[in-house]
Amino acid sequence: IPQIGKEICLSEIRKRHLQRFVYRPFAPALMLWTNEIAFNQIPNPIKQFLNGAISYFRHGEWRTSIVLSAIAVEIILAELYEENYQEEAPDVSLGKLIKLLRQKITLGEEIENSISVTNEKRITAVHRSQIIPSEKEAVDALFGAGRLTLWYSKQFS
């Protein structure tokens, strides 16, 4: 659990393995990272959508949190497209943009998984589905968007 003081340190209250406990610190840690630690490394639009996703997550608005996480991912992918194709990213769906990027660059398995999980949760949240978005889906989408943002900030900072 991140503690805020002169510096960030991790402390353990007690070991928990239930998903509702394990992922609970992720959203505050991501907010701390985007707004304090990596503030100048993350472009404002990405930061704004991640902060929005975190805010809606904290209020239990899972569907909106997932959608905002996916928009943050889409912005990063559009920037990667423009960097690698040297032209403006096309106005296409997130899935199509992912396919176009894969033709040009290799992102690695962890980053591919981060993108895929966020996109899968977006599809569940936006399209008609038997699955009602829950905290688990929202944290998965945030986790994928957060990992992609961390990787992206290291690549282009």
Side-chain angles (χ1 to χ4, degrees), residues 1-4 8 10 13 16-39 41-83 88-102 105 107-156:
I1 298 172
Q3 295 180 343
I4 300 173
I8 298 171
L10 297 177
I13 295 173
R16 302 294 280 209
H17 300 283
L18 294 171
Q19 287 180 358
R20 71 175 189 260
F21 295 116
V22 172
Y23 295 111
R24 188 173 289 161
F26 182 74
L30 181 59
M31 181 170 265
L32 177 66
W33 177 76
T34 57
N35 292 303
E36 298 296 329
I37 299 168
F39 182 79
Q41 298 171 331
I42 303 171
N44 279 333
I46 298 167
K47 198 179 324 175
Q48 289 171 346
F49 282 105
L50 277 178
N51 284 336
I54 294 165
S55 178
Y56 279 99
F57 178 84
R58 291 176 60 207
H59 290 95
E61 296 287 338
W62 315 129
R63 187 179 312 274
T64 305
S65 177
I66 293 167
V67 170
L68 294 176
S69 294
I71 293 171
V73 166
E74 187 172 6
I75 292 168
I76 292 171
L77 296 181
E79 289 191 5
L80 286 171
Y81 181 96
E82 291 174 4
E83 184 70 27
E88 187 176 343
D91 186 17
V92 295
S93 68
L94 180 56
K96 178 71 172 172
L97 187 57
I98 293 167
K99 288 178 185 174
L100 291 172
L101 268 176
R102 286 181 181 148
I105 59 175
L107 297 170
E109 186 176 348
E110 182 179 323
I111 299 307
E112 287 277 348
N113 289 340
S114 297
I115 294 166
S116 293
V117 74
T118 303
N119 190 39
E120 289 168 12
K121 302 311 173 185
R122 176 196 64 85
I123 291 167
T124 299
V126 173
H127 300 290
R128 290 185 191 183
S129 172
Q130 297 289 347
I131 302 169
I132 297 170
S134 68
E135 181 178 15
K136 172 71 169 102
E137 282 76 32
V139 83
D140 285 348
L142 259 178
F143 192 73
R147 281 198 320 193
L148 178 63
T149 304
L150 176 61
W151 172 84
Y152 182 73
S153 71
K154 288 180 179 179
Q155 301 298 311
F156 296 98

>> Restricting to non-hydrogen atoms, name the atom on D140 and the atom on K121 that form the minimum distance, rounded to 0.1 Å.
In response: OD2-CE, 3.5 Å
> Below 4.5 Å, heavy atoms only, C-beta onward: do K96 and P90 meet side chain to side chain?
Replying inline: no
>> Distance check, rounded to the nearest 0.5 Å: E61 atom CD versus S55 atom OG?
In response: 9.5 Å
> In chain order, what residues pass the side chain to side chain donor-acceptor pair (under 3.5 Å) check against Y81, with sequence neighbours excluded?
Replying inline: E87
> Nearest 0.5 Å, what's the OG1-CD1 distance between T118 and I123?
Replying inline: 11.0 Å
>> To check you understand the geometry: which heavy-atom pair defines the closest contact between S65 and Y56, and what is its length?
In response: N-CB, 3.9 Å
> Side chains of L107 and W151: closer than 4.5 Å at any heavy-atom pair?
Replying inline: yes
> Any chance CD of E83 has more than 12 other-residue heavy atoms, nucleotides or ligands included, within less than 6.0 Å?
Replying inline: no
> How close do E74 and L97 get, heavy atom to heavy atom, and via which atoms?
Replying inline: O-CD2, 4.0 Å
> Quick one: OG on S93 to NZ on K99, what's the gap to the nearest 0.5 Å?
Replying inline: 7.5 Å
> With side chains defined as the heavy atoms from C-beta onward, is the minimum distance between T124 and E120 less than 4.5 Å?
Replying inline: no
> Roughly how far apart are I42 CD1 and L150 CG, rounded to 0.5 Å?
Replying inline: 8.5 Å
> Could you state the interatomic distance from CG (L148) to CD (Q155), rounded to the nearest 0.5 Å?
Replying inline: 10.0 Å
>> Measuring from atom CG of L77 to atom CD1 of I105, what distance do you get when rounded to the nearest 0.5 angstrom?
In response: 8.0 Å
> So which heavy atom on A89 is nearest to which on E82, and how close?
Replying inline: N-OE2, 3.1 Å
> Is there a side-chain contact between Y152 and L80, using heavy atoms and a 4.5 Å cut-off?
Replying inline: yes
> Side chains of K47 and N44: does their closest heavy-atom pair fall under 4.5 Å?
Replying inline: yes
> Looking only at heavy atoms, what is the nearest atom pair of V117 and G144, with distance?
Replying inline: CG1-CA, 4.0 Å
>> Can you confirm whether F57 sits close enough to L142 that some side-chain heavy atom of one is under 4.5 Å from a side-chain heavy atom of the other?
In response: yes
>> Please check if the number of heavy atoms outside R102 that lie under 6.0 Å from its CZ is greater than 12.
In response: yes
> For the residue pair S69 and A145, what are the closest heavy atoms and their distance?
Replying inline: O-CB, 3.7 Å
> Are the side chain of E137 and the backbone N or O of S134 linked by a donor-acceptor pair below 3.5 Å?
Replying inline: yes
